[in-house]
Amino acid sequence: MKRALLLGHPPDLPDPWEYVKEAPYEGVVIGSLTLGQLLCFREEAVLEALAEGKPVILYTPGLPTGGKNRSLCCAVASAQRQLKNWGILFTDGARKNLVTAEQARHLAETGMAPPPGAVLTPLAREILEGLH
């Protein structure tokens, strides 16, 4: 079972993660964020994991909304786009096949393609795109 740093509340995910609060870990799972955390996102562990090519998964039911305030809704949507641009993978808990860098290297060595509908980490995408 892979170890993942858990931020926020544990999500109801069917993933094979063992949640931990400190290193070492192979990925990060963000189970929930407050409105302030989302709008001013600077979680050092997440930024380091992204820089190292580790998967970072954000559980979308744990995200806040802007409520009835239109400007706040726009700010929330912008913050979510920024996190996606950084390479954070959003999930609602539906079972999807996540391809990590390690798995991408194995696929590259064997000449296989990722399964249909698979979600690739940013580093896995680079590895597989480097083959073409």
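Below, each value reflects all heavy atoms present in this structure, side chains not excepted, and no hydrogens, waters or symmetry copies. For reference, positions follow the sequence shown, starting with 1.
The NZ atom of Lys2 lies 4.5 Å from the OG1 atom of Thr100; values are rounded to the nearest 0.5 Å. Note that the CG atom of Leu120 and the CD atom of Glu126 stand 11.5 Å from one another [nearest 0.5 Å]. One finds the NE2 atom of His9 at 10.0 Å from the CG atom of Leu33 (value rounded to the nearest 0.5 Å). Between atom CZ of residue Phe41 and atom CD1 of residue Ile88 there is a gap of 4.5 Å, rounded to the nearest 0.5 Å. Taking CG from Leu63 and OG1 from Thr34, the interatomic distance works out to 10.5 Å, rounded to the nearest 0.5 Å. The line from OG1 of Thr60 to CD1 of Ile30 is 12.0 Å long, rounded to the nearest 0.5 Å.
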| request: Test side chain to side chain contact (heavy atoms under 4.5 Å, CB included) on Tyr25 and Lys54 and set out the steps. | output: CA-CA 9 Å; Tyr25 50 83; Lys54 294 178 181 178; 4.2 Å; yes
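Put simply, the side chain of Glu48 never gets that close to the backbone of Ala45: no donor and acceptor are under 3.5 Å apart. In this structure, the side chain of Thr91 does not engage the main chain of Tyr59 through any donor-acceptor pair within 3.5 Å. Side-chain N or O atoms of Glu18 include none that pairs as donor or acceptor with a backbone N or O of Arg3 at under 3.5 Å.
Of the residues listed (Val29, Thr121, Leu50, Leu89), the one engaging Val56 in a side-chain contact (heavy atoms from CB on, under 4.5 Å) is Leu50, and it is the only one. Exactly one of Leu7, Leu6, Ile57 qualifies for a side-chain contact (heavy atoms from CB on, under 4.5 Å) with Val28. That residue is Leu7.
In terms of heavy-atom proximity, Gly67 sits nearest to Cys73 at O-SG, 3.3 Å. The two residues Leu39 and Ala79 have their closest heavy-atom pair at CD2-CB, 4.3 Å. The nearest pair of heavy atoms linking Pro114 to Val99 is CB-CG2, 4.2 Å. Across all non-hydrogen atoms, the minimal contact from Gly8 to Ser32 is CA-OG, 3.4 Å. Here the closest heavy-atom approach between residue Ala124 and residue Ala101 is recorded as CB-N, 3.9 Å.
Looking at Leu5 and Val46, their side chains never come closer than 4.5 Å, going by heavy atoms from C-beta outward. Within the 4.5 Å cutoff, the side chain of Pro64 has no heavy atoms near those of the Val76 side chain. Side-chain contact between Ile127 and Arg105 is present, with heavy atoms from C-beta onward closer than 4.5 Å. The closest side-chain heavy-atom distance from Leu38 to Leu83 is below 4.5 Å.
Counting non-hydrogen atoms of neighbouring residues, nucleotides and ligands closer than 6.0 angstrom, the CD atom of Glu102 reaches no more than 12 such neighbours.
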